[in-house]
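What follows is a short report on a single structure.
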Protein chains: 2
Amino acid sequence: MSRASYQDIQAEVRRRIQTRVWKPGDTIPTEVDLAKEFNCARATINRALRELAETGLLERRRKSGTRVSLNPMRKATLDIPITRLEIEGRGQTYRHKLLESQQVSAPDALSAEMNLGRSQMLVHLKTLHMADGRPFMYEDRWINPKAARGILRAKLAEVSANEWLVQNVPISHGDIAFQALGADTDQAAALGVTVGTALFIIDRLTWMGTQTVTKVRLAYGPGYRMVTQI
Amino acid sequence: MSRASYQDIQAEVRRRIQTRVWKPGDTIPTEVDLAKEFNCARATINRALRELAETGLLERRRKSGTRVSLNPMRKATLDIPITRLEIEGRGQTYRHKLLESQQVSAPDALSAEMNLGRSQMLVHLKTLHMADGRPFMYEDRWINPKAARGILRAKLAEVSANEWLVQNVPISHGDIAFQALGADTDQAAALGVTVGTALFIIDRLTWMGTQTVTKVRLAYGPGYRMVTQI
DNA sequence: AAGTGGTCTAGACCACGTT
DNA sequence: ACGTGGTCTAGACCACTTC
């Protein structure tokens, strides 16, 4: 091997772990030693090992070195689906229908979760997303107009709320939660299932600084799976 | 600003995107230009932008440059929980109970999914994981003894199957799926819920090369959530 | 105090995609 | 052909952890 790329090195490290040359818990050679072995710069080794550590295959600590992780499947990267693209990607046609649009003062529980003052006015939207005309996902969204200026004038029947927000409101970070819940009456009616049917739920709470922009609950119809590889 | 670190640069890029100095869809300056502006090496800019692109905030293409992503929340990193640590991390005591352990020939559907020959012999385990003595998660696992040599002699009542596998069987990759399902009779009985209760399900299929090592379905009790930040 | 990874530099060449 | 990001180098200094 003349000169190794960081990907070559990653492949070789993976191979050594898989073939038990390096076993879980073992300390592997230092960057300097590996650089000599692979005839490359230390920075190249560093990048290779750093990325493997980010995926959880290795654990690195200054002074004590780099060890093979005891539990290599610790992190998974999920692609957050964009519903329209997800549906079109299957060759189906996407449509969405705005079922309900109101301005209401926030319920107490929501005020706490969204870090709002008492009786803050919110936009509340209920939307059904469809694939080939059949219910696919039911969206229940709350928008804080103080953070999302202009939302009151937006034509949300034409542009989806999500697209409008992406285009018009900056965000700093978000919380995401995945869980399973039995369908409530709204979800059941919209998705055409019986109340209590197990639904895959994604909750997303989006922030700009200390202010919440929007909270959305996505309820997917039966059979929905999120998949990833490690 | 004397010299900027790659993290300083990431923070500043985030700030410019959040404050709409750079808007979604905009092309930002080239690495060379940014290196001049920040008075640092191009490699530093490269690392800052590369990492932001990995999280989905930026999109990079040779020749056309770096653009602000239209949909910044495209990827989420989930920590795959290690059940024992997850429970102990809440200050609860962890226990698990091996409910059933058999050697059976694989059902046809499983043979296909696990890429096995016909009537391949498998180890089938059913385990209940408990927090403070209460049901927490029900695990249904199939192990391929051809890939997991020694499993037949392992004392799986003492060491959990997962720990035994981690210590003794190398893996190359895995498929993971998340979904919601109504509890079947086994799950309901083990978790102490009624049949049909919505459960959060994680399926994991683990490979060594072209051979499957183990397939496991984890069924979490009601109320379980996986959370992450973006 | 010493060993290890973490980061940065200045420069170089390459790969890809657009023109 | 050219412009952009992708990667690599040889060396340096720093930060953290353990001794």
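Below, chain A is the first sequence line, B the second, and so on; all start at residue 1.
Distance, B:Leu49 CG to D:dG6 P: 9 Å, rounded to whole Å. When the C1' atom of D:dG5 is taken as reference, atom CG of B:Leu52 falls 15 Å away, rounded to whole Å. Counting to the nearest Å, the P atom of D:dT4 and the CG atom of B:Leu34 are 12 Å from each other. At whole-Å resolution of the value, CD in B:Glu31 and C1' in D:dG3 are 12 Å apart. Atom pair A:Glu51:CD and C:dT7:P shows a separation of 13 Å (rounding to whole Å applied). Taking atom CG of residue A:Asn46 and atom C1' of nucleotide D:dA15, one finds them 14 Å apart after rounding to whole Å. When rounded to the nearest whole Å, the span between CG of B:Asn39 and C1' of C:dC8 equals 12 Å. Remark: P of C:dC8 and CD1 of B:Ile45 are 10 Å apart, rounded to the nearest angstrom.
Salt-bridge check for B:Arg217 with B:Glu113: failed, with every basic side-chain N at 4.0 Å or more from each acidic carboxylate O.
OP1 and OP2 of C:dG3 both lie 4.0 Å or more from every side-chain N or O belonging to A:Ser64. Phosphate contact (OP1/OP2 of C:dT9, side-chain N/O of B:Thr44, threshold under 4.0 Å): present.
A:Ile143 is listed as a side-chain neighbour of A:Thr214, based on a closest heavy-atom distance under 4.5 Å.
Picking from C:dA2, D:dA10, C:dA10 the nucleotide with the shortest atom distance to the side chain of A:Lys63 gives C:dA2. In this structure, of D:dG6, D:dT18, D:dC16, it is D:dT18 that holds the atom nearest to the side chain of A:Arg61. Nearest to the side chain of A:Tyr6, among C:dG6, D:dC8, C:dT9, sits D:dC8. The nucleotide whose nearest atom lies closest to any side-chain atom of A:Ser5 is, among D:dC8, D:dT9, C:dG5, D:dC8. Listed nucleotides: C:dT9, D:dC8, D:dG6. Nearest to the side chain of B:Arg42: D:dG6. For B:Ala41, counting side-chain heavy atoms from C-beta on, the closest listed nucleotide (C:dG5, C:dT9, D:dG5) is C:dT9.
The residue among A:Ala43 and A:Thr66 whose nearest nucleotide of DNA chain C is located toward the 5' end is A:Thr66.
Side chain of A:Asn144 to backbone of A:Lys146: a donor-acceptor contact under 3.5 angstrom is found. Of the possible donor and acceptor atoms, none in the side chain of B:Thr66 sits under 3.5 Å from a partner among the backbone N and O of B:Ile28. Between the side chain of A:Asn46 and the main chain of A:Arg42, no donor-acceptor pair closer than 3.5 Å is present.
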